[in-house]
Amino acid sequence: MSDETTGRLGGLKRTVATIAPGESRFETSNTRDANVETTDMTAEAGQSDVATTERNETESSSSGGVEMPTSDRPLGTPRVDDAVIEARDLDVFYGDTQALNEINMDIPEQGVTALIGPSGCGKSTFLRSINRMNDLIDVARVEGELYFHGKNIYDDDVDPVALRRKIGMVFQKPNPFPKSIFDNVAYGLRVQGKDDDVEEKVHTALERAALIDEVEDQLDESGLDLSGGQQQRLCIARAIATDPEVILMDEPASALDPVATSKIEDLVEELAQEYTVVIVTHNMQQAARISDKTAVFLTGGHLVEFDDTNKIFENPESDRVEDYITGKFG
Amino acid sequence: MSTETDAPDLSGTGGGLEERMNDFTRWIFLSCALVTVLTTIGIFAVLLFGSYGFFSDVSLVEYFTGTEWYPVAHEPSFGVLPLIWGTMVVTVGSALVAIPLGTATAIYLSEYADRRVRKTLKPTLEILAGIPTIVYGFFALSFVTPVIQRFFPETGTFNALSASIVVGIMIIPMVSSLSEDAMSSVPDELRNAAYGLGATKFEVSTSVVVPAALSGIIASYILALSRAIGETMIVALAMGNSPQITTNVLEEMQTMTAFMVDIAISDASAGSVGYQSLFAVGLTLFAMTLSLNLFSMWVKSRYREEYQ
Amino acid sequence: MSTETENPFTEGTDDIERKRTIGRVFVGVCFGSAMVGVAALVILLADVIIEAWGWLTWDFLLYPPTQSPDNFLGGIRGAGIYPAIVGSIFLIALTAVFTLFLGVGAAIYLEEYAPENRLTSFIEANIANLAGVPSIVYGLLGLAVFVRGAQLGAVLLAGALTLTLLILPIVIVSTQEALRAVPDSQRNAAYGVGATQWQVTRDVVLPRALPGIMTGTILSLSRAIGETAPLIMVGAATTMLTAPDGLMSPFSAMPMQIFDWAARPQTEFHHAAAAGIVVLLTILLLMNLCAILIRNKYDPRS
């Protein structure tokens, strides 16, 4: 008899358990509530948020993109018809620490999308989840979805290596290989089996990275012999040589002096004519100068506001974002 | 007088017990450090003086071009080439064993093994490095040679193959642990760069990490070769004592070190040319290992510059 | 929904899969190579133990060797490795005294006293080079300097001095590491109250570094106890019937005795050699265990 009872109880528990995942909406609205509390937001702001959300909801579903959950969109959230990358309820955990919390975001094709926020806010983690570099960290775990042209890159049938061939990356610290300048740029081409006309492709990539004039005569010399700014442009050349669709940049100028930085910035704007560029920066002036859209991440891995760069810097919806932009906190 | 003035005495030459102890210990410790310099001077002096006696009887030309080495025979001949040949055979042979195995082990430890596997595998392999060479010599004689004889019955009790294999096993940990150090110190940024370009793990390991660590890896090879050249007990026990130039590794050969052991345990009288040849061969051996060690340091120092 | 969307990541996947397959084979080869080393270790130990089986008795530890192999297995009188064990213990004890003094002294000079000048960097480079000199060359040095030059003869003291010079570079380097691990804040605290360099070294640095120094020294000594070639050059006896009884006594050592037995044609002696090896490896194991215990007990990092 007691066996029967426990059996029934177990069945009950199981039922509860099966319901639980579907209840995620509760969790998300809770998180939002927490947001509202901490941001000290006015009722009006909250309402306008809901309004924007609803408007976008209809539009994005009509444009055939991936449906965005209504309850947890960031403030702003511009209308995006041609989203290349769509994050849906994306969580990233490092062990027990949650680094990204319910990120929903549409990144448009071409142009520069800047991710800004204080350190530890998850902006780099988000960037690394776009090309699944987080896979390389043992303790990292991803939940939710991230679509690239409507395909969830975390699906089982997506090969992260194939993914990274479409989504290139430039890192914070210039990291040329200890190989010749030529071999650095040719590396990706060779790895991807695109090394027909390798001379020409390397030349073109160096040209587009605005480096060719400085290194034309020393292609056989080590990439490590270049200055820091040149090294970073070499890394950009290396990333674009294989012609990816998206280029992710993780604070590409943070280790450079002002002159080298401005060269990188010019280059980023130039590249945005052809590529979708997503750039993480902690330098707000830089984001304001070069980006078309800006996403503001604040502590706890929340994406608080995402809108046209002008809007973010001139008239943000969130008070916390305004405080952050004006330097009152962060 | 000085006690009456207000100015404190800061000269530190008060001659107190502690101050004198300080000076005394400084000199004691410096002398200890200088013992190492004396050792080097001693090695050079002993080898050069000993060889001087030898080369006043034997011409350098005979020594370096002669192909027969019978220093204690009635009609002695002093061509060192057979000994150098024996040393080269065992060095190349052990390198053929240790370099591929050691490098592959290093790649596995540095790039593939998870932390727990590495934590047990690495110390296990380092035990190999701590086993006395006399034990390896015994192993060559009692296990490896009989196994070889099963496949090639014509193999002698003493043969170059067995000694080479066992010297190779002995230097595996040297190659693997120094190479692994070099690979582990390749910054992760380079691995990330390659992954970011769509490289597979195999490509990251072989076309980024190994080339980036190459000078450290090569330095480990050179050090291991130098160790093989100077290795004594394995060859003295398992390789035999007939100095001959042959390409048949199943035959007996003699290395420089094995010859030195052979002379030392024989009763060659101290003043004889045969006895003095000990120092000439020792000098030849020392010159070879020293130049390899210096070369390895040079290779490694180049590597350090690259990442600083 | 996602199943309906066309997978944009199919381009080049065959190529990637091919490389993955090569990669898997490659990992297999690398792992196999690592296992060759492990297997060699296991086979070596098994070989020695099998050969020694039945030959390693109490008598083996307590009797001197004999010319007749029959005595090893309980003949008229026992036969064994006793004099060589005592010889090795004396040799290592003496070497320990010399290396502790010279090695720690040199390391203290280089870490605590030495100014940054050419002499210092020359000494350091020289030590690095000495570590790569073959042990048989140290044997020649010992032969020429201690045995003949100082006219000591082939005695325990000459052997110990030779082994001291041999392991000195390793002891100095490991002691330097132990001294370097003492935080500078501790030194500065002592200097701050007016201590001399010697007082700081004696009262602050050495006590803190002692476990590390002991660990490094024991590990170096465990290398010295297995060394054969230098002892051969110095002229140590391969076989002694009596244990040494003083610094100036002729001596044998375990590796010498093992060498003698292993080099004989009769297989009985090979078993004796194997039994000797088991004794030698056991002593080595105990020394290493000591070093590990000291490290684990005192090292705050572990």
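Values below: every heavy atom of this structure, side chains too, minus hydrogens, waters and symmetry copies. Proteins get letters first, then strands, A, B, ... in listed order; numbering begins at 1 in each.
Proximity to chain B involves both the backbone and the side chain of F101(C), based on heavy atoms less than 4.5 angstrom apart. Contact of I43(B) with chain C is made through backbone and side chain together, with heavy-atom distances under 4.5 Å. Residue R24(C) does not touch chain B at all, counting heavy-atom pairs closer than 4.5 Å. Looking at M260(B), the atoms closer than 4.5 Å to chain C (heavy atoms on both sides) sit in the backbone and in the side chain alike. Both the backbone and the side chain of T39(B) have a heavy atom closer than 4.5 Å to some heavy atom of chain C. For L102(C), the parts lying near chain B are the backbone and the side chain together; criterion is any non-hydrogen pair under 4.5 Å. Using a 4.5 Å cut-off between heavy atoms, L278(B) contacts chain C through both its backbone and its side chain. I127(C) touches chain B through its side chain: at least one heavy atom from C-beta onward sits under 4.5 Å away, while N, CA, C and O do not. Within the 4.5 angstrom heavy-atom criterion, only side-chain atoms of L284(C), from C-beta onward, approach chain B. Looking at I28(B), the atoms closer than 4.5 Å to chain C (heavy atoms on both sides) all sit in the side chain, from C-beta outward. If you measure heavy-atom distances from A107(C) to chain B, you find no contacts under 4.5 Å at all. Only the side chain of E51(C) comes within less than 4.5 Å of a heavy atom in chain B; its backbone stays farther off. Of the atoms belonging to L130(C), it is side-chain heavy atoms, and not backbone ones, that fall under 4.5 Å from chain B. For a residue to count as touching a neighbouring chain, one of its non-hydrogen atoms must lie under 4.5 Å from one of that chain's; by this rule T232(B) touches chain C with the side chain only. Proximity to chain C (any heavy atom under 4.5 Å) is restricted, for V35(B), to the side chain, taken from C-beta onward. Contact annotation for E203(B): only side-chain heavy atoms (C-beta onward) come within less than 4.5 Å of a heavy atom of chain C. Contact annotation for T257(B): both backbone and side-chain heavy atoms come within less than 4.5 Å of a heavy atom of chain C. Contacts of L143(C) with chain B are made by side-chain atoms alone, with heavy-atom separations under 4.5 Å and no backbone atom involved. Using a 4.5 Å cut-off between heavy atoms, L30(B) contacts chain C through both its backbone and its side chain. Using a 4.5 Å cut-off between heavy atoms, V36(C) contacts chain B through its side chain alone, with no backbone atom that close. For a residue to count as touching a neighbouring chain, one of its non-hydrogen atoms must lie under 4.5 Å from one of that chain's; by this rule Y112(B) touches chain C with the side chain only. If you measure heavy-atom distances from A128(C) to chain B, the contacts under 4.5 Å come from both the backbone and the side chain. The contact between T289(B) and chain C is made entirely by side chain atoms (from C-beta outward), counting heavy-atom distances below 4.5 Å. Residue S176(B): no heavy atom, backbone or side chain, is found under 4.5 Å from chain C.
For the atom pair OH (Y109(C)) and CZ (R26(B)), the distance works out to 6.0 Å, reported to the nearest 0.5 Å. Here the CD-CD1 distance, from E227(C) to I134(B), works out to 10.5 Å after rounding to the nearest 0.5 Å. Annotation: the span from S135(C) atom OG to E231(B) atom CD amounts to 7.5 Å, rounded to 0.5 Å. With values rounded to the nearest 0.5 angstrom, I107(B) atom CD1 is found 5.0 Å from C30(C) atom SG. Separating the CG atom in L41(C) from the CG atom in L128(B) is a distance of 5.0 Å, to the nearest 0.5 Å.
Nearest heavy atom pair, residue M233(B) against residue F259(C), reads CE-CD1, 3.4 Å. Shortest non-hydrogen contact noted between L125(B) and A34(C) is CD2-O, 4.0 Å. G132(C) and N293(B) make their closest contact through O-ND2, 3.0 Å (heavy atoms, listed as atom of the first residue, atom of the second, distance). The two residues V46(B) and A144(C) have their closest heavy-atom pair at CG1-CB, 3.5 Å. For the residue pair F138(B) and A262(C), the shortest heavy atom distance occurs at CD1-CB, 4.1 Å. The shortest heavy-atom contact between I123(C) and A33(B) is CG2-O, 4.1 Å.
The greatest number of non-hydrogen atom pairs below 4.5 Å with chain B, out of G32(C), A106(C), A114(C), is found for A106(C). With chain C as partner, the option from V261(B), I169(B), I263(B) having the largest number of non-hydrogen pairs under 4.5 angstrom is V261(B). Note on N288(C), V29(C), L119(C), I43(C): by heavy-atom pairs under 4.5 Å with chain B, the leading option is I43(C). Ranked by heavy-atom pairs shorter than 4.5 Å toward chain B, the options A131(C), G37(C), G105(C), G23(C) are led by G105(C). The choice from L219(C), L141(C), L44(C), I277(C) that makes the most heavy-atom pairs within less than 4.5 Å of chain B is L44(C). Put simply, of T124(B), T40(B), I172(B), L294(B), the one with the most heavy-atom pairs under 4.5 Å next to chain C is T40(B). Contacts with chain B were tallied for R20(C), R148(C), R223(C); R148(C) has the most, counting heavy-atom pairs under 4.5 Å. Heavy-atom pairs under 4.5 Å with chain B peak, among L168(C), L140(C), V137(C), at L140(C). Counting heavy-atom pairs closer than 4.5 Å to chain C, the top residue among L38(B), T36(B), L121(B) is T36(B).
Side-chain atoms of T105(B) and F31(C), non-hydrogen and from C-beta on, never get closer than 4.5 Å to each other. A heavy-atom distance below 4.5 Å is not found between the side chains of W198(C) and D23(B). Put simply, the side chain of F286(B) reaches to within 4.5 Å of the side chain of V133(C), judged on heavy atoms. Contact of the M297(B) side chain with the N129(C) side chain is registered, since non-hydrogen atoms from C-beta on lie closer than 4.5 Å. The shortest distance between side-chain heavy atoms of T200(B) and R18(C) does not fall below 4.5 Å.
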Residues V37(B), F122(C); criterion side chain to side chain contact (heavy atoms under 4.5 Å, CB included); working and verdict: CA-CA 9 Å; V37(B) 178; F122(C) 171 72; 3.9 Å; yes

Apply side-chain hydrogen bond (donor to acceptor under 3.5 Å, both in side chains) to the pair S142(B) and D47(C), showing each step before the final yes or no. CA-CA 8 Å; S142(B) 78; D47(C) 175 56; 2.6 Å; yes

Enumerate donor-acceptor pairs with a distance under 3.5 Å from any side-chain N or O in residues 228-239 of chain C to protein atoms, sequence neighbours excluded.
residue, atom, partner, partner atom, Å
T228(C), OG1, G226(C), O, 3.4
T239(C), OG1, Q257(C), NE2, 3.4
T239(C), OG1, D260(C), OD2, 2.8

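Using a 30° and 60° split on the angle between ring planes, F26(C) and F202(B) fall in the perpendicular class, above 60°.
Not one N or O on the side chain of N22(B) forms a donor-acceptor pair closer than 3.5 Å with the backbone of T196(C).
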